[in-house]
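Have a look at the structure below before the remarks.
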Number of protein chains: 2
Amino acid sequence: MRYAKPWWYKRMIEEGIKFTLQRKLILDVLNRTKKHLSAEEIYFIVRKFYPNIGFATVYRTLDLLTKIGIVIKLNFGDGRMRYELAEKENASHIHLICKNCGKVFEDGGDENEKIKEIEKNISSRYNFKVENLKIFFMGKCENCQKGGD
Amino acid sequence: MRYAKPWWYKRMIEEGIKFTLQRKLILDVLNRTKKHLSAEEIYFIVRKFYPNIGFATVYRTLDLLTKIGIVIKLNFGDGRMRYELAEKENASHIHLICKNCGKVFEDGGDENEKIKEIEKNISSRYNFKVENLKIFFMGKCENCQKGGD
DNA sequence: CTGCATGCAAAACTTTTGCAGAATC
DNA sequence: GATTCTGCAAAAGTTTTGCATGCAG
């Protein structure tokens with residue numbers, strides 16, 4: 001074959017689930033975007049390439065992919081779940097959420113070492129096996145601080 | 001008066017909102033529990049003392065109290081929001097969520113210093129004014145690690 | 001072929017909203 | 001006494017589910 005299959009293809013085969021066109025398209029969308037998309041947003045993007053896809057399929061796929069660790073489910077408290085490829089979550093990045101404009105920024109990972117330390121402490125203190133983590137800082141972004149309220 | 005009014009009473013007066021019985025009861029529930037209650041749970045507890053309270057009132061109250069910072073809205077990704085008194089959030093505690101049994105544990109605050117450092121770095125690096133933060137560690141708790149799956 | 005996956009539509013949930021009546025300050 | 005708050009019921013929005021059909025392996 002011409003191109004190597006993406007890493008998630010392997011995982012899916014490994015798990016014995018089918019690599020259908022719909023699933024491929026959903027994963028492509030997640031792979032191409034830098035944003036944290038909601039199920040609805042994903043649905044509408046996929047529809048451009050595959051107009052017949054159903055809402056239920058999007059939800060079921062995201063659910064499935066979340067369960068086997070290919071996708072990460074995020075919640076910024078705005079009433080809907082958002083999704084991203086797990087790959088991108090590796091570096092335990094910090095999400096900065098502006099309470100004013102709602103924008104989500106991400107720390108590049110400069111705090112990774114400190115986070116790892118905390119993780120280590122927590123793990124041993126509570127005998128808790130950390131599999132992944134989410135860190136949200138809520139406040140006001142640079143722009144909104146300037147712009148008054 | 002015999003007893004000092006709780007701190008949130010002041011905040012509410014300050015904000016010019018009324019300290020109604022329903023609001024008092026909701027705050028009492030939040031104040032007495034150690035758990036992170038959902039709106040529904042709060043509703044049913046308050047109903048024991050005040051059977052006529054409506055769902056909408058609970059939601060509106062929690063919303064209002066969240067807006068003025070008396071209550072913190074949390075989301076553990078299980079499809080419903082959970083609430084706690086802001087007071088308890090002060091120490092930027094870490095939530096440990098067991099993916100297996102769903103239990104939520106809390107770190108006592110032993111990592112506070114490291115968290116503060118991270119917060120400081122983030123603030124200056126992005127000019128982001130951090131107002132509050134949430135840290136979730138997902139994984140397997142001690143019990144579930146023992147018990148096999 | 002066989003069973004897993006999909007699409008559709010309806011259901012299930014949580015949360016929000018409109019409005020008339022009630023309670024607070 | 002005016003305004004804010006409440007309760008009810010209905011609406012809105014997201015996510016889940018049942019079932020017949022379709023498709024991947």
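Protein chains get the first letters and strands the later ones, always in sequence-line order, with residue 1 at the start of each. Any value given below was found using the heavy atoms of this structure, including those in side chains, with hydrogens, waters and symmetry copies removed.
Proximity of a side-chain donor or acceptor of B:Arg47 to a complementary backbone N or O of B:Asn52 within less than 3.5 Å is not detected. In this structure a side-chain-to-backbone donor-acceptor pair under 3.5 Å is present from B:Gln145 to A:Asn127.
How far CD1 of A:Ile97 is from SG of A:Cys141: 12.0 Å, rounded to the nearest 0.5 Å.
Atoms CG (A:Asn52) and C1' (C:dA9) sit 15 Å apart, rounded to a whole Å. Spacing between atom NZ of B:Lys67 and atom C1' of C:dT15 amounts to 12 Å, rounded to whole angstrom units. In this structure, B:Leu65 places its CG atom 16 Å from C1' of C:dT15, rounding to the nearest Å. Taking atom CG of residue B:Leu25 and atom C1' of nucleotide D:dG7, one finds them 15 Å apart after rounding to whole Å. Distance B:Asn75 CG to D:dT14 P: 15 Å, rounded to the nearest Å. As rounded to whole Å, 13 Å separates atom P of D:dA24 from atom CE of A:Met12. Atom CZ of A:Phe19 is separated from atom P of D:dG25 by 9 Å (rounded to the nearest Å). When the C1' atom of D:dT15 is taken as reference, atom CZ of A:Arg80 falls 12 Å away, rounded to whole Å.
When the side-chain nitrogen and oxygen atoms of A:Gln22 are compared with OP1 and OP2 of C:dG7, one or more of them lie within a distance under 4.0 Å. Considering only side-chain N and O atoms, A:Tyr59 lies under 4.0 angstrom from the phosphate OP1 or OP2 of D:dT15. The side chain of B:Arg23 contributes no N or O atom lying less than 4.0 Å from OP1 or OP2 of C:dT24. For the OP1/OP2 pair of D:dT6 and a distance below 4.0 Å, the side-chain nitrogens and oxygens of B:Tyr50 include no atom meeting the criterion. The shortest distance between the side-chain N/O atoms of A:Thr57 and the OP1/OP2 oxygens of C:dG7 is below 4.0 Å.
Counting non-hydrogen atoms of other residues, nucleotides and ligands closer than 6.0 Å to NZ of B:Lys129 gives a total of 12 or fewer. Atom NZ of A:Lys99 sits in a crowded spot, with more than 12 heavy atoms from other residues, nucleotides or ligands closer than 6.0 Å.
Each of A:Gly54 and B:Glu40 was matched to the nucleotide of DNA chain C holding its nearest heavy atom; the match closer to the 5' end belongs to A:Gly54. Projected onto DNA chain C by closest heavy-atom contact, B:Ser38 and A:Thr61 fall at different nucleotides, the more 5' of which corresponds to A:Thr61. Both B:Pro51 and B:Gly16 sit near DNA chain D, but only B:Gly16 has its closest nucleotide nearer the 5' end.
Residues B:Phe76 and B:Phe136 place their aromatic rings such that the two centres sit under 6.0 Å apart.
The nucleotide whose nearest atom lies closest to any side-chain atom of B:Ala39 is, among D:dA24, C:dG7, C:dT15, C:dT15. Comparing C:dT24, D:dG25, C:dC8 against the side chain of B:Thr20 picks out C:dT24 as the nearest. Of the candidate nucleotides C:dT17, D:dT16, C:dG7, C:dT17 has the atom lying nearest to any side-chain atom of B:Ala56. Listed nucleotides: D:dA24, D:dT6, D:dT17. Nearest to the side chain of A:Arg60: D:dT17.
In summary, A:Glu113 and A:Lys116 do not engage in a salt bridge, as defined by a charged side-chain N under 4.0 Å from a carboxylate O.
Contacts of B:Leu21 with the nucleic acid, taken as non-hydrogen atoms under 4.0 Å apart, are absent.
Rounded to 10°, the angle separating the first-five-pair axis and the last-five-pair axis of the helix from C:dC1-D:dG25 to C:dC25-D:dG1 equals 50°.
B:His95 and B:His36 have perpendicular rings, their planes meeting at more than 60° on a 0 to 90° scale where under 30° would count as parallel.
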